[in-house]
Every structure is written in C-alpha cells, then in structure tokens.
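As structure tokens, the structure follows; a few thoughts come after it.
Computation of the quantities below employed the complete heavy-atom set of this structure, encompassing side-chain atoms and omitting hydrogens, waters and symmetry-equivalent molecules. The model shown is predicted, which means the values in this text are computed figures rather than measured ones. Throughout, a chain's letter reflects where its sequence line sits, starting with A, and its residues are numbered from 1.
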Amino acid sequence: MFQVRIHGRGGQGVVTAAELLSVAAFRDGHYAQAFPSFGSERTGAPVVAFCRIDAGPIRTREPIAEPDGLIVQDATLLHQVDLFRGVGPEALVLINSSRGVEELGLADLPALRRRGGVLTVPATELAREHTGRPFPNAVLLGGFAALSGVVSIDAVVLAIRDRFAGEVAEGNAAAARRAFAFVADEAAESAGARPAAAAAPAPGDGSGLEVSTRAATA
Amino acid sequence: MALHPVKFYQTGSFAVGNRLLPVRYRTVQSEPGRTNSLNSGHRACQGCGEALGARYALDAAMRAANGKMIAVNATGCLEVFSTPYPETSWRVPWLHSLFANAPSVATGVAAAMRAKGRHDVRVVAQAGDGGTVDIGFACLSGMFERNDDVLFLCYDNQGYMNTGVQRSSATPPAARTATTEAVGPEPGNPFGQGKDMARLAVAHGIPYVATATVAELHDLEYKVHKAMSFHGARYLHVLVPCPLGWQAASGDTIRLARLAKETGIFPVYEAEHGELTSVSRIRRPRPVEDYLRLQGRYRHLFAGDGRPDVVARLQAMADANIRRYGLVGDPEGDEAGGAG
Amino acid sequence: MLRQLEGSRAVAEAVGLCRPEVVCAYPISPQTHIIEGIGALVKSGQLEQCEFINVESEFAAMSVCIGASAAGARAYTATASQGLLYMMEAVYNASGLGLPVVMTLANRAIGAPINIWNDHSDAMAVRDAGWVQLFAETNQEAVDLHVQAFRLAEELSIPVMVCMDGFILTHAVEAVEMPTQTQVDAFVPPYEPRQVLDPAEPVSIGAMVGPEAFEEVRYLAHVKQLQALERIPEIASAFSAAFGRPSGGLLRGYRTEDAEVVVVALGSVLGTIKDAVDDLRRAGARVGVVGIGSFRPFPSAALRAELGRARTVVVVEKALAPGAGGILARDVTMAAAGLDAEVRTVVAGLGGRPITKASLVAVLEEAGRGGLESLHFLDLDHGLVERELARMARRRRSGPAAENILRDIGVVSAGAT
C-alpha cells in the first residue's frame, strides 16, 4: 500500500487533488481511496487530504499518519504547520515551489537524507502558464507521478479529463505533463543518472503495486 | 308603490339567503347532494365556529374540485373532535400528521399528485391559529415561498383551545386565556404588535389570500371557490368564535363573528399576488364594546370600575383597521363577492 | 459498471435508480453532496417523474415525505445529526403511520458542542422510533443498501434509514460497482401502498388512538420489526443473487469461527478493525469481528450464534449514553445473555476522533489478556480531562468546559493529526 498525504489551503483544490490521484490510480488498475480531513470550510485555512493506493481492496479508514508520499500545494505552510509529522526517511516529498529545497529551509528533513526524496516543482507557475489560473493541484499530480511512479502520467491525464472539461482539462493536462517532465529531470539530476521509464504498471494490467517508495530513478 | 332594491343578508341564524334566493345563489350546504366532507357525529362543542366553518369550506372546495380533493389536517380541535377513535366524520381522504407540519405534509401530497400526473386532484390543508401562526409558521412560510399548489385554511379561534384555552400569537390584546389570566395591572393578553397572519400571507405575494368569518357563509363559500380557481399557494383566514374559549353563549357564535367584522376588529378582504383586490365594507359600524361585552374573556374590562382605557385602546385598533382597509365607505362601492 | 467516485455521488445515483417520486431535503453537512446529486439528476431531466423540493427545514423535509408517501408516492430524504433531531417528531410520525419512507442518515455527532464529524449519536437518538436502521460498511454497501431499503420498506410498510458514516464514507472516493436501471427495476417493483389517500376511496389516516387500542397498535409495530428480521436476510440473498455480490443482511462475521475475542461494531470502522484482526491473527491471537448490518431490528439470535464460544466480546462503538455507558453494548449484552462471554465496551471515535489500527490492536490485546475494563474510552486524553475537572474544582465560574479544553490543547492543529 502506498499512502499519500496532500497539504494545502482551502480554495486550492486539495480535496480534488486527492480525488484525482485516486481516479488516476483506478485508471491504472489499482484500488484507491481518497478522503479529506475536515476543518471548518474557509478559504485560506490549512486543509489536508489523503489517498491510499493498493493492489487489493483497501479496508482501513484511519487518517494517514505515516505517509509514503507527501504533496505540499502551498509552501507558505512549511514552517507554520506540522506538515512533516510521520514523514519518515523513505518518504517522497513534492513541494509546490519555484525555489529549491535548500532555499525553503528544509535541510533538516530526514527524507532529505535520501537523494531525490524531496523535490520541488513550480506547479503554480506551470498552471498559470497553461490554464491562466493559479491552481496547482492537478499539475502537482503530474510531478508526483514522476517522483513516485505510483501512478502513470497517462492515468493522471485521464483523471484530469474525467473531472474537467474543455480548455480547463487540456490546460491542466498539459501542465501536468510539464510537471512530470520537470520532476523526472530533477530526480535524474539528483540521482546522477538518466531516469528509467516510470515504474508504474501499465493501465489495466492489474499487476500488483510494489509497496515501495522508490522513485522512478531508483 | 315604488320599488326599492332590497338586499338580503344573513342575520343571526336566519337562513334568509337560501330560502328566498334563486337556486344558483344558494349555498353548497343547502344542496342535498353536497359532499358532507365533515359529516355529522363529530364531537365539537355546541356552537363551535370551527365545525361550522370547516363544513362550509370543505364542501365548497370539494364542489370546486369535482370531488377530487385530499385534505391534510394539523393537530387541534378540528382534528380531535372529528376523529374520536374509532370513528371518523371525514368523508374525504384525510391525513393528520403533526401539529406543526400541515403545510409541509400538504406540499408532499401535492407533489405526489404531480409526480403521478394526477393534475385533477386538489389539495387542501387546514389548521387552527396555533398550527398556522405559531408552531406551523415556518412550514407555512416555506410552502408560500415555494408556491406549492395547496389551499391553506386557517380556522382562527384566537387561542390553543383544544388544550385548555392557552394564549397563541393570534390571541387579541386584553383577552383572558389560561396563560394570560385577567389579573394584575395588565390583565389578559399583553398589548403588542400582534401577528396579522393574513397580512403576512399577502406579503408573501401568493396568488390568493382572503379573510372571512362564519357570519357570512355565502362569502366564505365564495372565497373558497375563488381560491380553488387558482393554482399555487392560497390562504384563507377564517374567524371562528369559540364559545368555550371566548366564554360566550353558544348561540352567539355567528353574532360574534358579525360583530368582529362590524367593529372593524376583523377586516374582511381579498388579495392577489400581494395586492388588495376587494374589501367587504362594514354596513353599520359598531363600537368594540358591543363585541367585547358578549365575551367572558373580556369580562375584566367591565367589572367594577372596568378598564375604559383598555377598551379605548382596542377601539383605536379597530378604528385603525377601518382606516387602513377602507372598511367604512360608499355602500354602492365594491362588496365582497358572493350573494347577499 | 465499476466507477471511482465519491460515496455521496454514488448514493445519489443509486437513489435515482430506485425511481423516487418525491425527494425533498434540507442541507446539512455531510449529506449535502447526496441531495445536490439528486437535485441535479432531476433538474437535468435524467430522473423523470420525480418532484425535487427544497424545503425550509428538516422537519418540513420529513413532513413532505409523509404527505407524499401517504398519497402513494415513493418518497426519500436525507439528513444527519442536528437535522435528524429537528425532524424527530416527524420521524416517529412516519413509522407510527406505517409509511415506507427511505432516508439516508449521514452519521454525524450531535451537539452541543457543535461537531460536524462522524459518530453514531444521531442514529442512536432515534433507535426506538420504529424505523429499520441499516448500517453500511463501505460505499458499495451504501449503494446496495438503498436498493434493498426501498424494497424492504414498501413490502412491510415501514420506514428505513440507511446509515453511512459522514465524511468517512460520504466524502470518500473509492471504487463502486453501480447497478444498472434494468437491474434495479427488476429488484424494486413499483410501490403498492397498503393505505393511500385516494379521492376514489377516501380514508382517514392519523386519527387519535386511546388506551383501548394504543398498545395493540404499538405491538404491531414491534411485529413489523420482527418481520423485518426475517425479510432482511432474504432480501440480502435475493440481492446477492441478482447483483452478484454479498451486501447487507443482518450481520457478517470475519474470522469468528474459533475466536476467543470477538469485536462487534457498526459501519465503516469495521474496515480498520479487520486490518487489526489480521495483524492479531498473524501474531497468534484468536480474534474475530462481527459487523452488524441491521441495528434495528436488532439481530439477537444471529449475533448469539456468531459469538460462538468467545470468552470476551468487545463492542467498539461510536456512541455514548452519558451516565450509562455503551448503547450498542447494551443490545449486545442482552443478546449474549447466558453465554459464557464477558462484554466489554470500547467507546471510540466520538465526534470524528480517528480510530487507528494501532489503538485497536492495543485494546484488543488487553482484552485478550482479560485486562480491559468494562467501559473503556479509546485514546481518551486523561490529562485534558483531569485539568478541566481541576479547573472546575478551583472556582465556580470556571467557564465553558469545551472552550477551556480547546484552549488547553493550544492552537488548533492545522496539519495532519
């Protein structure tokens, strides 16, 4: 089982992100469960959502205390909220930012001990460029597909097209692919080798999902 | 001998309007073929204004609906005295749910008819003042706002009579009830703004609103019939004196209803979509005292030195109604509809 | 067709497939997406011959259902928590009148203090109202139970509520096999009322019943619930045959065959409990769990049989009767009367407090050792409680307890718990 926790602020589509991730995993032939953690609905307030992905039916319902993957949609949360609780050294972390990990002041993060474990991607900028709106949620999933290999970028694009329509869908899909490429490159650089193709199973082949947190470059 | 036009109208309990009228002007109640929606055998008090009003109103509604009507009833006197277990005096399909929800239940019945394509079946809801103006108010307002196709009949006897004469928001100022006793420096129900339900109904802008009393039964039938010619939310507020609660003689029910109108205390009018369309003028205005003295619930205003100050306030309220609605005026001017 | 979608959305579509004729509801978290979904189906014309009514309160919502059902229409509504309480009078009225209204209860805690998260206090508040109460473990089961509910309700002329955990199920996105219209039409025939407001055959419904007959009328309500006890498993079987998957029924056991410790619970927490059971089994403990599908009528005989020769029964419940203890536990205790088992109550998850596998494992290990107290509150922060009690002891004007405790916790955590 691969467990993802997504952090952001109300209004940024955090809940939608978790849902899209689960749909992408479904499209890839996995079982997936996405759900939000609710606080009072308020634009700008910190929001958390969860997504579990597994090869078989998922029974548990508890919030994800020890995520294998962490997506941070809003970097302003970094030193305000305990985002990294339960994030172990093997976890994969993707942060929406145009700055690098060191610049964000995250040098002490255990996950950083593993090269390529924590990456950033300028998802908001990519979103603005391709959709005209600063919603990084779907874009980040493209990056996460590259970082984790737990879903394929094609499935992410399918999920985006399921949920959105017309230009919004296409813009997000394009931005997601850009993010995928960006993160794949970033991961390759930090690993010092060219990345292999994404390790995620092909859509519909029903093969078991590796309970592994290794990124595409491992 | 010169011919003078003579108008007949009901006085006391003489059914002048029926015996001497052409058949087509007679009341539905005078027809042997009437539905008898509220059949005899119910357990209402002697002189119950509500039983009288309900009988006239429902048979008129059934006539207008070609016999295809469903009635919803709130908890209250009418519901209780009409269905003493194991009997029922209703000859129409009839549903009693709760005290506060007659408007919503009626909405549900109307929706069911629409869903099933039964556009021929009409829906009537009825409640006392408590189930309309107090506990039923939210549901009623919701029904109005949605313009659900329901005719809502409020039988206003100005208090929670079935449970022992407690005060409701329809209880007039100074009236004695079990929860506003005639004791202390301000005996009876306090003076306040009141809660003019008919006016609130008009303010909702619904297709048809009318007030009526059981003193003018032709008028009541006419208004029910008129209401049934509309679709959407309609409201009829009927003043029905309660001999027990008002502490009046059971033979005075109709007299009291007439006096309520003729003093200006109870304005009788019609409105459509928020605008007043007709007013029933007062033939011979009477001072409120004539009305109050017949009721034991106002006895404290006349005992000993009495409370002429309170009577004066009540008179002022009646006068204000007369001004607001133009209740006294040209006798050739428009009358409330209906014969007589 | 297998689809990955939000539980509320799945339920909305499932209800639509059952061809309701009158749907009305008042919005309340966490039911809103269900009602919005059905509203959209009606407004777009996908769901035909259905009147969708936006009412001004939950009390009005159930009242509209009462009127519609009495007039012969298939009626549906949904609510939670405070909304359920607000319609309480009408809830009793519907079952007292024998009207087959179906309602989704998106389980949510009842205030004060106001709390929008999941627990079962709302369902428990109406457990004696005479409604059938079915609990869904997953969104798949939530979908399936609605289809079974309409059939059960109309056969027996009894209202049925399908309980699904608010947020945990309603707002969870997971795979659901959606039935087809053809399948549902074959399973849920058109509504044939036992009593109906019909101008052609007038009847009076809702008269007062005095001491001469009230007891008999109420006894018949009990009989109806006992009939439901028979019909629920039959309908579940028929469903399984028609739709190809097990769903519903009175209860389901998991690894109970030789269990020494058996857990009993309702709703979605069963998933987490099963994971805990598997962990414990791997470690050699003989643990099993029974998921109650029908809480009302309560399946005493079936539960008794399922408990087998367990030494300890641990009821994990998301409800509390202050001053008395567990609620589900009481029913379980009665069912287990005469068996050799001891019943332990674990109150957990109140107001949405997460129930973790780790905590469950710990408490079940304790139960296995015979050390679990008869009433245990899972993950209760005793320190917080002690400090508030101390505050109250120090001065009379100690202030609102809830606010004191929140202040004690500090700034509300904005990250993951």
Over 12 foreign heavy atoms within 6.0 Å of [atom1], [X]:
X: B:Glu31; atom1: CD; value: yes
X: C:Ile114; atom1: CD1; value: no
X: C:Gln181; atom1: CD; value: yes
X: C:Arg218; atom1: CZ; value: no
X: B:Leu200; atom1: CG; value: yes
X: C:Phe214; atom1: CZ; value: no
X: C:Glu212; atom1: CD; value: yes
X: C:Tyr86; atom1: OH; value: no

By a 4.5 Å heavy-atom criterion (distance strictly below it), what part of [X] contacts chain B: side chain, backbone, both, or neither?
X: C:Glu48; value: neither
X: C:Val203; value: backbone
X: C:Leu197; value: both

Is C:Val64 close to B:Val105 at the side-chain level, that is, under 4.5 Å between some pair of heavy atoms? no

Please report the closest heavy-atom contact between B:Val80 and C:Met208, naming both atoms and the distance. CG2-CE, 4.0 Å

If you count heavy-atom pairs under 4.5 Å with chain B, which of C:Ala68, C:Ala90, C:Gly210 comes out on top? C:Ala68

Top residue by heavy-atom pair count (under 4.5 Å) with chain B, among C:Ala60, C:Ala73, C:Ser63? C:Ser63

Please determine whether side-chain contact (heavy atoms from CB on, under 4.5 Å) holds for the pair C:Glu56 and B:Cys139, giving the CA-CA distance in whole Å, both sets of side-chain angles, and the decisive distance to 0.1 Å. CA-CA 7 Å; C:Glu56 70 285 354; B:Cys139 288; 3.8 Å; yes

Select one option (side chain, backbone, both, neither) describing which atoms of [X] are under 4.5 Å from chain C's heavy atoms.
X: B:Val92; result: backbone
X: B:Ala106; result: neither
X: B:Met113; result: side chain

Could you tell me which of [options] has the largest number of non-hydrogen atom pairs under 4.5 Å with chain C?
options: B:Ser82, B:Ala115, B:Ala71, B:Ala102; answer: B:Ala115
options: B:Leu98, B:Ile70, B:Val109; answer: B:Leu98
options: B:Arg146, B:Arg118, B:Met69, B:Glu87; answer: B:Arg146
options: B:Ala112, B:Ala138, B:Ala100, B:Ser97; answer: B:Ser97

Taking C:Gly72's backbone N and O only, do any of them form a donor-acceptor pair with B:Lys116's side chain (distance below 3.5 Å, no angle check)?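 Yes: the side chain of B:Lys116 pairs with the backbone of C:Gly72.
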
Using distance alone, with no hydrogens and no angle criterion, decide if C:Ser204 and B:Thr88 have a side-chain donor and acceptor under 3.5 Å apart.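 Yes - a donor-acceptor pair under 3.5 Å links their side chains.
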
Here the gap from B:Arg114 atom CZ to C:Ile53 atom CD1, rounded to the nearest 0.5 Å, amounts to 6.0 Å

In this structure, CG of B:Asn101 is separated from CD of C:Glu89 (nearest 0.5 Å) by 7.0 Å

Can you check side-chain contact (heavy atoms from CB on, under 4.5 Å) on C:Leu97 and B:Leu95, steps first, answer last? CA-CA 10 Å; C:Leu97 292 177; B:Leu95 173 65; 4.3 Å; yes

Take B:Trp94 and C:Ile205 through the side-chain contact (heavy atoms from CB on, under 4.5 Å) test and state the conclusion after the steps. CA-CA 6 Å; B:Trp94 181 89; C:Ile205 300 176; over 6 Å; no

